[in-house]
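So the structure is just underneath, and the comments pick up after that.
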Amino acid sequence: MAIARSVAIIGGGIGGLTLANCLLRTGMSVSLYERSPCFIPTVGAGFSFQPNGQMCLAYMGFKDQTEKLVHPVYKWHLINDKGKVVNTTNNLSEYGKRFDFYEGGAIRAELIDILKEPLEKNHILHYSHKVIDIKQDIDGVEISFENALEQKPVRVDMLIGADGIHSKVVKQIFSQTAPPIYSKENVFYGIIDNIDQQTSLHPSIIQKNTLTQCLDYGEFISFRVGTRGQLMWAATYPSDVPPPSNNDSEWIEMNNQRELNRFLTLFPQTHPVHQCAAITDKRRLLHFGLFYRQHRNDNWHRNRVCLLGDSCHATLPYVGQGASMAIEDAIVLTLCLEKHNFQMESAFQDYYKIRFKRTKRVVDMSRYLGLFFHSQNPIVRAIRQRLAPKLMNSDMMIKIAERAMYDNCPIPLEYKRQFAK
Ligand SMILES: Cc1cc2nc3c(=O)[nH]c(=O)nc-3n(C[C@H](O)[C@H](O)[C@H](O)COP(=O)(O)OP(=O)(O)OC[C@H]3O[C@@H](n4cnc5c(N)ncnc54)[C@H](O)[C@@H]3O)c2cc1C
């Protein structure tokens, strides 16, 4: 059986960076190749960082840094389309109290800074390396990059594709590859700086340690992110097409503005999304089509090449678990490699067996929640209005969350016990 001593990780997103940190500690020779010339601070902006992802980073020794990064959520408000709070609960803080990891808002670039530091110190992070071709043979994997004059092909024992939802690695290793599926929903999301100085926002939105959600028109959500008084808001809406892609920033801004105007007409004037959009700096406004990937049920690897994160199980954002799933993948893959003495085939099979069900549940749950949030069917709308507050207040929610976020979190049990109170 082939044994891996050197690895190339393709993609410097949260998954690839976490894996590089994990594998570096095993003594492997690690290189990470990222196509961008640097990490752009606004990319991905803010995100909801779940306790299981934070617990994984704590297990890796990043507990203090992660704690500083997250603005914890204690309170959960459900508001109506006038910004009035119709239900509120402290349930979210209950499981945080048990384990000391709260659901929270973080800035993606700040997490990337933490993860990339050890890699830069070890000179294993290679920017401006866009993979265009991968060839495997019996002894190894050869990787070619765009701009072949400057970047010579690289040869390694093992390659991990952590290159996101539109993965090149997936296309290279599987002859039959279904493209990512468009959910017919798009999202606008923005970051508002200096939130405590903003007087035009509804008070229900700007409270500290509070997650605010409105489910009357798609999903509107807002929460504070990071530690510098910033607020993130996002609103999803139905659409027949995703935003067109173009790299020209002026064009993006113009196109965003045109689509933003149309998007705002979908919400009543009283809806808080109008206030949020009005005071968001247009350079801090992101606009995405929402895609997911159907799970492959024929393994995530071929010989020496394996997938991780969004490249194999990209999810819609409705349960806020995409980043945490990629982090968990990295830990499980490392544990499997160690358990199988770095024999790739058995380690990859074990990794797939452990991760398939858990990641599929997240992808499926997000997809159903998206359909539920967006349905305009009067019966579903009535159920939504009645069910949402009941679920928010129920113990069942805490139990489900605890099971999903802690009990099934894949770090070794002895570490979980250390974190439990
Ligand atoms: C609108 C939206 C909101 C979201 N909100 C949340 C949230 O609140 N909480 C949460 O946990 N998750 C959220 N997610 C999901 C989360 O962002 C992803 O699941 C997570 O980032 C996956 O990480 P990854 O490392 O697998 O992929 P990515 O973060 O996509 O990283 C892939 C990397 O690979 C690089 N790359 C691509 N192709 C190549 C190539 N050919 N050569 C070299 N490099 C390449 C890219 O430049 C990129 O840096 C959201 C996603 C979206 C779209």
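Read the numbers this way: they start at 1 and go in the same order the structure lists the ligands and their atoms. Hydrogens, waters and symmetry mates play no part in the numbers below; they use all other heavy atoms, side chains included. Residue numbers start at 1 and run along the sequence shown.
The single protein non-hydrogen atom nearest to atom 34 (O) of ligand 1 is Gly11 CA, 3.2 Å, given as residue, atom name and distance. Scanning the protein heavy atoms around atom 48 (C) of ligand 1, the nearest turns out to be Glu34 OE1, 3.5 Å. Looking only at protein heavy atoms, the nearest one to atom 50 (C) of ligand 1 is Pro317 CB, 4.2 Å. Here the heavy atom of the protein found nearest to atom 40 (C) of ligand 1 is Val131 N, 3.8 Å. Atom 30 (O) of ligand 1 has its closest protein heavy atom at Gly164 CA, 3.6 Å. Protein heavy atom nearest atom 25 (O) of ligand 1, with residue, atom name and distance: Gly15 N, 2.9 Å. What sits closest to atom 6 (C) of ligand 1 on the protein, heavy atoms only, is Phe47 CB, 4.1 Å.
Within 6.0 Å of NZ in Lys130 there are 12 or fewer heavy atoms belonging to other residues, nucleotides or ligands.
Atoms of ligand 1 lying under 4.0 Å from any heavy atom of His129, numbered from 1 in the order shown and given with element: 42 (N), 43 (C). Using a 4.0 Å cut-off to heavy atoms of Ile14, the atoms of ligand 1 that qualify are 25 (O). Here is the list of ligand 1 atoms found below 4.0 Å of a heavy atom in Val187: 1 (C). Residue Gly13 approaches ligand 1 through these ligand atoms, each under 4.0 Å from one of its heavy atoms: 25 (O), 29 (O), 31 (O), 33 (C), 49 (O). Heavy-atom proximity to Ala162, at under 4.0 Å, picks out these atoms of ligand 1: 32 (C), 33 (C), 34 (O). Taking every heavy atom of Ser48 and a limit of under 4.0 angstrom, the matching atoms of ligand 1 come to 7 (C), 8 (O), 9 (N), 10 (C), 11 (O). Set against the non-hydrogen atoms of Gly309, the atoms of ligand 1 under 4.0 Å away are 26 (O). Ligand-side atoms of ligand 1 in range of Ile10: 42 (N), 43 (C), range being under 4.0 angstrom from any heavy atom.
Ligand 1 has no N or O atom lying under 3.5 Å from any N or O atom of Lys130, backbone or side chain. Ligand 1 has no nitrogen or oxygen under 3.5 angstrom from a nitrogen or oxygen of Tyr189. Polar contact with ligand 1: absent for Phe288 (N/O pair, distance under 3.5 Å). Considering backbone and side-chain atoms together, Ala323 places an N or O closer than 3.5 Å to an N or O of ligand 1. For the pair Arg35 and ligand 1, the shortest N or O to N or O distance falls below 3.5 Å. Considering both main-chain and side-chain atoms, Arg108 comes within under 3.5 Å of ligand 1 through a nitrogen or oxygen pair.
Remark: atom 3 (C) of ligand 1 lies closer than 4.0 Å to at least one protein heavy atom. In this structure, atom 36 (N) of ligand 1 has a protein heavy-atom contact shorter than 4.0 Å. Within a 4.0 Å radius of atom 52 (C) of ligand 1, the protein has no heavy atom. In this structure, atom 14 (N) of ligand 1 has no protein heavy-atom contact shorter than 4.0 Å.
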Using side chain to side chain contact (heavy atoms under 4.5 Å, CB included), reason through Met28 and Asp157 one step at a time and then give a plain yes or no. CA-CA 10 Å; Met28 279 190 99; Asp157 297 329; over 6 Å; no
Between Ile143 and Asp133, does a side chain to side chain contact (heavy atoms under 4.5 Å, CB included) hold up when you go through it step by step? CA-CA 6 Å; Ile143 311 155; Asp133 193 33; over 6 Å; no
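Classification of the Phe145-His129 ring pair by plane angle, with boundaries at 30° and 60°, yields perpendicular. Below 30°, between 30° and 60°, or above 60°: for Phe188 and His287 the angle between ring planes is below 30°, a parallel geometry. Note on ring orientation: taking the six-membered ring where Trp is involved, the planes of Tyr217 and Phe267 are tilted (angle from 30° to 60°). Taking the six-membered ring where the residue is Trp, Tyr415 and Tyr59 present perpendicular rings, their angle passing 60° and hence far from 30°. The aromatic rings of Phe348 and His301 sit tilted, their planes meeting at an angle between 30° and 60°.
Considering each of Asp133, Ile132, Leu316, Asp310, the one bringing a non-hydrogen atom nearest atom 19 (O) of ligand 1 is Asp310.
A salt bridge links Glu328 to Arg355: one of the charged nitrogens lies within less than 4.0 Å of a carboxylate oxygen. Between Arg293 and Asp310 there is no salt bridge, since none of the side-chain N atoms of the basic residue sits less than 4.0 Å from a carboxylate O of the acidic one.
Under a cutoff of 6.0 Å and an axis angle of 45°, Arg5 and Phe342 do not form a cation-pi pair. The cationic atom of Arg25 (NZ for Lys, CZ for Arg) lies less than 6.0 Å from the six-membered ring centre of Phe62 and within 45° of the ring axis.
For Phe223 and His71, the ring centers sit 6.0 Å or farther from each other.
Note: Ile192 CD1 to Ile279 CD1 = 4.0 Å, rounded to the nearest 0.5 Å. Rounding to the nearest 0.5 angstrom, the gap separating the CZ atom in Arg361 from the OG1 atom in Thr315 is 13.5 Å.
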